**Student:** 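First, the structure itself, so that you have it in front of you.
Being a predicted model, the structure only gives us computed values, none of them experimental.
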Amino acid sequence: MVYTPKHASWLNMAELEWSVLQRQCLGQRLASVDAVEAELLAWETDRNARSVRANWQFSISAARDKLKRHYHCDE
């Protein structure tokens, strides 16, 4: 069992960034640790320069309504 905080939007953000990192940067063969470091630095610099933000597609209430069958909460 893994504890997940009740309000874990920070966790969602981290998972989104890991997914993007995998697709845009690490989903290729890299010859060495130095190559990995260079790719990561370039990717991070670009992401930060563009001020990339999460684009949530629905409100919290809509998400709760859609996902309520998966979660049993007191709210």
Side-chain angles (χ1 to χ4, degrees):
M1 181 180 270
V2 176
Y3 171 75
T4 303
K6 185 174 183 178
H7 302 289
S9 61
W10 63 269
L11 182 58
N12 294 336
M13 295 290 290
E15 289 174 341
L16 288 171
E17 285 299 306
W18 278 112
S19 175
V20 172
L21 174 64
Q22 172 60 33
R23 287 183 280 119
Q24 293 181 351
C25 183
L26 300 177
Q28 59 183 319
R29 293 184 67 107
L30 298 167
S32 67
V33 172
D34 291 335
V36 172
E37 289 175 354
E39 286 289 325
L40 288 173
L41 181 60
W43 179 84
E44 178 185 14
T45 302
D46 179 61
R47 289 284 281 178
N48 290 335
R50 292 187 295 128
S51 297
V52 176
R53 300 184 190 285
N55 181 15
W56 302 110
Q57 298 295 312
F58 44 84
S59 67
I60 292 172
S61 60
R64 285 186 179 140
D65 187 49
K66 184 176 181 84
L67 301 172
K68 67 184 172 189
R69 65 187 175 103
H70 296 292
Y71 300 99
H72 302 286
C73 55
D74 298 330
E75 294 181 25

**Student:** If I take atom CG from residue Asp46 and atom CG from residue Leu41, how far apart are they, to the nearest 0.5 angstrom?
**Tutor:** 11.0 Å
**Student:** Kindly indicate whether the side chain of Leu26, heavy atoms from C-beta on, has any atom under 4.5 Å from the side chain of Trp43.
**Tutor:** no
**Student:** With clusters defined by side-chain heavy atoms of hydrophobic residues (ILVMFWY) lying less than 4.5 Å apart, directly or transitively, does Leu21 cluster with Val52?
**Tutor:** no
**Student:** Can you name the nearest heavy-atom pair linking Leu30 to Ala35, along with the distance?
**Tutor:** CB-CB, 4.3 Å
**Student:** List the steps and the verdict of side-chain contact (heavy atoms from CB on, under 4.5 Å) for Val20 and Arg47.
**Tutor:** CA-CA 10 Å; Val20 172; Arg47 289 284 281 178; 3.5 Å; yes
**Student:** To the closest 0.5 Å, what do you measure between CD (Glu44) and CD (Glu17)?
**Tutor:** 10.0 Å
